[in-house]
Enquirer: 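Here you go, one structure.
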Amino acid sequence: MSDFISIEAIAKRYPVRGRGTTTVFENLWLSMSRGEFGCIIGHSGCGKTTILNILAGLDRPSEGTVIVDGEAIDGTSLDRAVIFQSHALFPWRTVLGNVAFAVSSKWPKWSAAKVRAHAQSFIDLVGLSGSEAKHPSELSGGMKQRVGIARALSITPKILLMDEPFSALDALTRGTLQDEVRRICLETGQTTFMITHDVDEAIYLADKIFLMTNGPGAVLAEVVENPLPKDRGRIDLHRHPLYYATRNHILDFLVTRSKSFAETVTDHDPHHVPVIRPGIAEPTLLSLTPPPAADAAVRTAGRHP
Amino acid sequence: MSGSLTLRAAIVSVALFAVFVLGWHLATRSSGATSGMDPEYAKLMGATATQGKSAMPGPLDVASKLWEHLSQPFYDKGPNDKGLGIQIGYSIGRVLVGYLLAVVVAIPLGFLIGMSPLMHKALDPYIQILKPISPLAWMPLALYTIKDSSISAIFVIFICAVWPMLINTAFGVASVRREWINVARTLEVGTLRRAFTVVLPAAAPTILTGMRISIGIAWLVIVAAEMLVGGTGIGYFVWNEWNNLSITNVIIAILLIGVVGMFFDQLLARVARLVTFPE
Ligand SMILES: Nc1ncnc2c1ncn2[C@@H]1O[C@H](COP(=O)(O)OP(=O)(O)OP(=O)(O)O)[C@@H](O)[C@H]1O
Ligand SMILES: [Mg+2]
């Protein structure tokens, strides 16, 4: 089966005043299947937002292409909705107005009543019924982010892109919103790509976790397949026998390996990034091509029971 | 607490006014008739010299004259004797026409400059040179080319009102938050719809600030412009009454200019409040 999203050998370079360019990342490959939830984790400045913006079409790669559903993307599209970290609501519009703006952008020919009804159904979906007439300044941070989610979902995108959507929220609100996003994504089979700094959030939400090394010259080091069952709950996540294996593996990467990756792993093949599925005794290697990269993956992954 | 603050502020305002009027009254009251002057000479010299009366009118003179003006603001007895209402009406009319022309030109042009870095760079030198020119410096050129004093005054209003609006519109449009533009981009909103539904509401508070500055400047300039071109208007009235040595009328005109200026400013402040959004 061909991949739904396929990022192929993209690079991003910025000119440095005086001397040439700096490379945020290069020759980066990443792929996801339809209906999958992918999370990207890495230290600040490694280029996560850049990748997401390229996927959204807001930014262009210096090299390489991004293929979505069999077609190379060119600029932004109503097929790819973005939930911004800073919610980015229009403060001069009401909750309903903000969502309706997106709806009428996608379906310009719809009557006002139809647009309103459609927007309303997504406001209900994120649990904001009763707040339609409020302006963003009258909402709490969590409610604003819900509006952002309703706005993104209302255009029924093929891909949902989220840049640290919950990082500005308190733990309780974050928890309920994670539940809601997971419920909606599972119900609708939404393909989702998300940036996070929170390992638990990634383990709860994601099917695949992409680990990035530190920049500049960041690389996608490995893909961690979530070994936890689909019906996992947020509250008893940590009771699952594979939870700590997964968590430790990711944390260990972030704390030590992400810094030294470039020196210690010399045979990394960016086109065939090792896929790891953490197990109880030892992480299991799922795919490896070609052999040298596999050795590296086994060696590095095997260190962490 | 805030109620009592308003009250106390009002008391201080009234007290200041009373002190000012009293001081004014004392400073301008008659110091009694000068005795021992030849009656013929006294007649020639007028009240100023003979009764020790100050040339400066007192508050009571101004008040009674003001009442006179207010009771018949719109009389018209020839070119040099028109009601104050007619004169101020001419000025307001010129300011409004010049100002609205400036709005029509400055706001679309400001949008263009704010949205296109190319146009910004290309037009910037012209704006930088034209902006600091005193609007009155255009007057001879306007009179020579337009040949109509009234239209020349309108042109001068236009030229002075255009810059603050142009610069504020361009700045407001250029500094619309990146994230709002990105929302519009991900929703594939067309340029025109984006301009009206995203950029305009986002930049409206800044644009209104420019419009408010412009109306203030326009109202400052109209008085000077009408002094130059003459004929009608509150500026001409001031100059004419100065030539008539009627300081009372000059003071009344000054008061009126202040009141109308305040009205314009408050009007735009109110509109600005309508388009301002809480973050
Ligand atoms: N316009 C630019 N010019 C030069 N360098 C840039 C520019 N924009 C981003 N960068 C660089 O690109 C790198 C990646 O930025 P990016 O915003 O993608 O990081 P990030 O992984 O999202 O970080 P964070 O977790 O802090 O959000 C950074 O090191 C940054 O310095
Ligand atoms: Mg970022």
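In the text below, chain A, chain B and the rest are named by the order of the sequence lines, each starting its count at 1. Bear in mind that the values here come from a model prediction, so they are computed numbers and not experimental data.
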Enquirer: Please examine the side chains of A/W92 and B/P205, heavy atoms only from C-beta on, and report whether any two atoms are closer than 4.5 Å.
Expert: no

Enquirer: With respect to chain B, which residue among A/G57, A/A56, A/S77 yields the maximal number of heavy-atom pairs within a distance under 4.5 Å?
Expert: A/S77

Enquirer: How about A/E187: does its CD atom have over 12 heavy atoms from other parts shown lying under 6.0 Å from it?
Expert: yes

Enquirer: Do any of residues 139-161 of chain A come closer than 4.5 Å to chain B, heavy atom to heavy atom, and if so which ones, in number order?
Expert: A/R151, A/I155

Enquirer: At a heavy-atom separation under 4.5 Å, does B/V275 approach chain A through its side chain, its backbone, both, or neither?
Expert: neither

Enquirer: Keeping the roles fixed (side chain from B/R185, backbone from A/L58), state whether a donor-acceptor pair exists under 3.5 Å.
Expert: yes

Enquirer: Counting C-beta onward and ignoring hydrogens, is there a side-chain heavy-atom pair between B/T186 and A/R80 closer than 4.5 Å?
Expert: no

Enquirer: If you count every heavy atom of other residues, nucleotides or ligands that lies below 6.0 Å from B/F171 atom CZ, does the total exceed 12?
Expert: no

Enquirer: Got a second to check how far A/T76's OG1 is from B/N182's CG, nearest 0.5 Å?
Expert: 9.0 Å

Enquirer: Inspect the surroundings of NE2 in B/H120 and state if more than 12 heavy atoms from other residues, nucleotides or ligands are less than 6.0 Å away.
Expert: no

Enquirer: So for B/V183, is it side chain, backbone, both, or neither that comes closer than 4.5 Å to the heavy atoms of chain A?
Expert: both

Enquirer: Non-hydrogen contacts under 4.5 angstrom with chain B: give the residues of residues 101-133 of chain A involved, or none if there are none.
Expert: A/F101, A/A102, A/S104, A/S105

Enquirer: Examine whether an atom of B/T197 lies under 4.5 Å from a heavy atom of chain A, and if so say whether it belongs to the side chain, the backbone or both; otherwise answer neither.
Expert: both

Enquirer: For residues B/W180 and A/P91, report the shortest heavy-atom separation together with the two atoms involved.
Expert: CZ2-CD, 3.3 Å

Enquirer: Measuring from atom NE2 of A/H87 to atom CD of B/E179, what distance do you get when rounded to the nearest 0.5 angstrom?
Expert: 7.5 Å

Enquirer: Is it the backbone or the side chain of B/A202 that comes under 4.5 Å from a heavy atom of chain A, or both, or neither?
Expert: both

Enquirer: Taking atom OH as the centre, does B/Y90 end up with more than 12 heavy-atom neighbours from other residues, nucleotides or ligands that are less than 6.0 angstrom away?
Expert: no

Enquirer: Heavy-atom distances under 4.5 Å only: say whether B/R177 touches chain A with side chain, backbone, both or neither.
Expert: neither

